[in-house]
Amino acid sequence: MINRRLALGMIAAVTTIDASRIAFAKEKHHLNGKDLLADRIKKNGKHKIHTTGKNVDVFAEVNNGKVTAVTAAGMQVKKVKSRQKLAETTPGITLARMQLAQADVYYYGYWVYDDLTDTYIWFPADYVIVDSSWTEYVA
C-alpha cells in the first residue's frame with residue numbers, strides 16, 4: 001500500500017521535472033535576412049549580418065548575388081524552408097485572397113543554433129540557391 005508521504009514525494013518529483021523542462025526552453029528568434037544583408041547582396045564575400053545572444057558573430061557568404069552559406073563560430077547551422085513567412089519586416093493586414101495566391105511560395109532560412117538559442121535567418125527564394133538540401137521547417 002502507498003502511504004501519503006510516498007505519494008506526495010512522487011508528485012513533488014514530477015512537478016520539479018516539469019518545471020525544469022520549462023526553465024530550459026530555447027529562445028527562438030526569426031530574423032529577416034534580406035533586411036540584415038541589405039545592399040551587401042551585390043558584393044561578393046563574407047558579410048557580418050547578426051550577433052547571437054552569446055556574442056557570436058553570424059556571417060553570410062555571398063557569391064554572384066546569392067547567399068551560399070551562413071556561418072557562426074562554435075554554433076551549428078542547418079538549411080530549412082517554410083511556406084509560412086516567419087520574419088516580417090512591417091506588421092500589416094494580410095488579406096485571405098493574398099494568402100491563397102502565395103501558397104506555393106517558399107522562404108529559405110539558415111537555422112543557427114546551440115544548446116540555449118535558436119536563430120532563424122530567413123531569405124526569399126531569389127536570395128539563395130534552391131536545391132534538394134533544404135529541409136522542411138518544423139515549429
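FYI, the numbering just counts along the sequence from 1.
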How about K78: does its NZ atom have over 12 heavy atoms from other parts shown lying under 6.0 Å from it?
no
Picking from D57, V58, T119, what satisfies side chain to side chain contact (heavy atoms under 4.5 Å, CB included) with T51?
D57
Classify the ring geometry of H30 against W122: parallel below 30°, tilted from 30° to 60°, perpendicular beyond 60°.
parallel
Can K46 be said to sit on top of F59's aromatic six-ring, NZ or CZ under 6.0 Å from centre and within 45° of the ring axis?
yes
Please find the pair of heavy atoms, one from V130 and one from A125, that lie closest to each other, and give the distance.
CG2-O, 4.0 Å
Testing the basics here: between S82 and Y137, what is the closest heavy-atom pair and its distance to 0.1 Å?
CB-CB, 4.0 Å
pair T52-M75: side-chain heavy atoms closer than 4.5 Å
yes
Smallest heavy-atom separation, N44 atom then G65 atom, equals OD1-N, 4.2 Å
Under 3.5 Å, side chain of R40 to main-chain N/O of V62, donor-acceptor pair present?
no
W134 six-ring face occupied by K81 cation (under 6.0 Å, within 45°)
no
What are the two closest heavy atoms between Y106 and E136, and how far apart are they?
OH-OE1, 3.6 Å
Tell me whether V70 is reachable from L36 by hopping between hydrophobic residues (I, L, V, M, F, W, Y) whose side-chain heavy atoms are closer than 4.5 Å.
yes
According to the side-chain hydrogen bond (donor to acceptor under 3.5 Å, both in side chains) rule, which pairs have a member within residues 65-76, sequence neighbours left out?
Q76-Y113
Smallest heavy-atom separation, Y110 atom then V67 atom, equals OH-O, 3.6 Å
Could you see if I129 belongs to whatever hydrophobic cluster contains Y108? Use Ile, Leu, Val, Met, Phe, Trp, Tyr and a side-chain cutoff under 4.5 Å.
no
Under the side chain to side chain contact (heavy atoms under 4.5 Å, CB included) criterion, do I121 and I49 qualify, and how do the steps go?
CA-CA 9 Å; I121 302 173; I49 56 172; 3.9 Å; yes
What I'd like to find out is whether the side chain of Y107 reaches to under 4.5 Å of the side chain of Q84, using heavy atoms alone.
no
What is the ring orientation for W111 with Y120, classed by angle as parallel under 30°, tilted 30 to 60°, or perpendicular over 60°?
parallel
I'd like to know if V56 and L31 are part of one continuous hydrophobic network [Ile/Leu/Val/Met/Phe/Trp/Tyr, side-chain heavy atoms within less than 4.5 Å].
yes
NE2 on H47 to CG on D39, rounded to 0.5 Å
11.0 Å
